[in-house]
Number of protein chains: 2
Amino acid sequence: MIGTVTGPAPDAREATRARIEAAALDLFTRHDFETVTADEVADAAGISRRTFFRHFATKADTVWGDFHAHVLRLEGMLAATSDDQPVLASICAAYVEVNDYADADLPLLRERMRLILTEPALQAHSQVRYADVDRVVAEHVARRTGTRADGLVPRLVALSTRAAATTAFETWLAGDGSLADDLHAAFDQLAGGFPTLR
Amino acid sequence: MIGTVTGPAPDAREATRARIEAAALDLFTRHDFETVTADEVADAAGISRRTFFRHFATKADTVWGDFHAHVLRLEGMLAATSDDQPVLASICAAYVEVNDYADADLPLLRERMRLILTEPALQAHSQVRYADVDRVVAEHVARRTGTRADGLVPRLVALSTRAAATTAFETWLAGDGSLADDLHAAFDQLAGGFPTLR
DNA sequence: ACCGTAGTGGCACCGAGTGCCACCGACAAG
DNA sequence: CTTGTCGGTGGCACTCGGTGCCACTACGGT
């Protein structure tokens with residue numbers, strides 16, 4: 001068999017990665033994101049700067065955890081939705097489900113999202129990461145509507161539902177309610193054509 | 001009188017700025033954005049690298065022209081809209097009007113938007129520039145609805161209308177129709193709660 | 001004992017920005 | 001005509017993010 005377990009334990013790499021993440025989030029929380037250098041994060045994690053950039057392609061990536069897995073889960077949930085459900089409802093359900101964190105993880109999520117939504121460098125970086133989400137959602141809409149994924153409706157649904165999710169995160173951060181409620185509130189506005197605006 | 005005209009002509013600065021913009025757009029069009037160095041742009045514009053960064057804080061900023069003026073115009077148009085008009089319609093009208101370019105300027109706009117929407121570094125940078133647009137639109141919605149500009153509805157309207165505008169630019173770039181038509185199509189979908197999705 | 005393989009650290013390098021200083025041309029005041 | 005001011009300019013050195021290269025180490029398989 002090719003590619004079986006070898007090298008220094010299967011999860012050693014994941015462990016140092018987690019140490020880097022923790023150190024980075026801690027430093028970014030106590031100082032501005034841009035004033036903290038990659039050297040400082042590496043030092044705090046007990047590794048060299050070079051190794052830091054082997055685990056994370058970018059300083060900004062440390063804030064995102066395993067976002068690729070997040071996108072894959074979202075993709076799976078969208079694929080598993082029923083075709084009886086309205087398209088927007090299926091996307092809302094997938095967003096709610098993929099963001100259903102355990103209570104213990106909420107403080108960490110809060111800090112991550114606060115950084116992503118407020119630090120300019122991370123805000124910019126988010127656009128690139130979210131492009132994957134947009135692609136996945138657009139493909140889902142294209143499947144449901146039998147159109148191309150780069151058509152107006154699939155792309156608009158993808159971008160505006162992400163706008164809804166982002167807004168929900170903003171209001172969730174500012175208040176103390178549940179993220180699921182904020183997501184539903186935003187999606188309801190969107191699906192209803194903003195009923196409160198007459 | 002203090003601060004009267006002095007130095008090398010009032011518009012000399014604007015002229016070199018325009019030369020840099022032209023040189024940058026030309027180079028970015030013929031090569032990838034990231035492979036072109038600031039030195040090369042400065043050379044092509046006939047100035048030093050140091051001077052380049054005095055006119056543009058960032059390599060990415062060269063693509064955006066005078067975007068601040070663009071945002072100010074949008075703000076003025078939103079303020080000038082009638083309160084009889086539905087809120088979304090007023091925003092759509094402002095977006096259409098602020099993006100009403102002369103035919104001669106369309107090729108340049110196409111190239112700018114193509115770069116912004118496809119080059120990852122510029123895509124990321126756009127988020128920061130568009131944050132100003134979001135703020136202006138959210139304040140307009142807050143004024144119309146008598147709510148706070150950081151509330152759910154103003155923020156959601158701002159972000160999702162920008163999503164509509166972005167999608168309209170995408171489809172405009174892919175096809176050969178008019179930008180105003182694409183903007184109206186996207187805003188109609190949004191205001192109607194996506195009627196084509198049942 | 002001999003390998004291949006994966007993680008690591010050090011080093012040199014590139015490119016984006018920035019702070020500092022010295023220069024130059026235009027203008028106004030003496 | 002000289003002097004001082006001011007704004008644009010260019011050069012230089014520096015920081016920092018990110019990368020390529022190489023040598024070292026630890027491990028497992030043969």
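Note that the coordinates shown come from a computational prediction; the quantities given were computed from them, not determined experimentally. The analysis underlying the following values was restricted to heavy atoms, covering all of them including side chains, and did not include hydrogens, waters or symmetry mates. Order of the sequence lines fixes the chain letters, A, B, ..., with proteins taken first and strands second; residue numbering starts at 1 for each chain.
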Looking at [Y] and [X], is there a salt bridge between them, counting it only when a charged N and a carboxylate O are closer than 4.0 Å?
X	Y	value
R114(B)	E170(B)	no
R112(B)	E21(B)	yes
R155(B)	D150(B)	no
E139(B)	R135(B)	yes

Return yes if the base of dG15(C) and the side-chain atoms of R49(B) contain a donor-acceptor N/O pair under 3.5 Å, otherwise no.
-> no
Of all of residues 50-69 of chain B, which get a heavy atom below 4.0 angstrom from DNA chain C, listed by number?
-> R50(B), F53(B), R54(B), A57(B), T58(B), K59(B)
Kindly give the heavy-atom pair with the smallest separation between A149(A) and P154(A), and that separation in Å.
-> O-CB, 3.7 Å
Between [X] and [Y]: side-chain donor-acceptor atoms closer than 3.5 Å:
X	Y	value
T29(B)	E111(B)	yes
D61(A)	H55(A)	no
S90(B)	H140(B)	yes

Distance in angstrom units between [X] [atom1] and [N] [atom2], rounded:
X	N	atom1	atom2	result
E40(B)	dC14(C)	CD	P	14 Å
D39(A)	dC11(C)	CG	P	13 Å
H125(A)	dG17(D)	NE2	P	14 Å
R13(B)	dC6(D)	CZ	P	17 Å
D43(B)	dG11(D)	CG	P	10 Å
R17(A)	dG7(C)	CZ	P	13 Å

Does the side chain of L25(A) come within less than 4.5 Å of T62(A)'s, by heavy atoms?
-> no
Mind checking V41(A) for me? I need base, sugar-phosphate or nothing, with any heavy atom below 4.0 Å counting as a touch.
-> nothing
Sorted by number, the residues of residues 22-35 of chain A with heavy-atom contact under 4.0 Å to DNA chain D = none
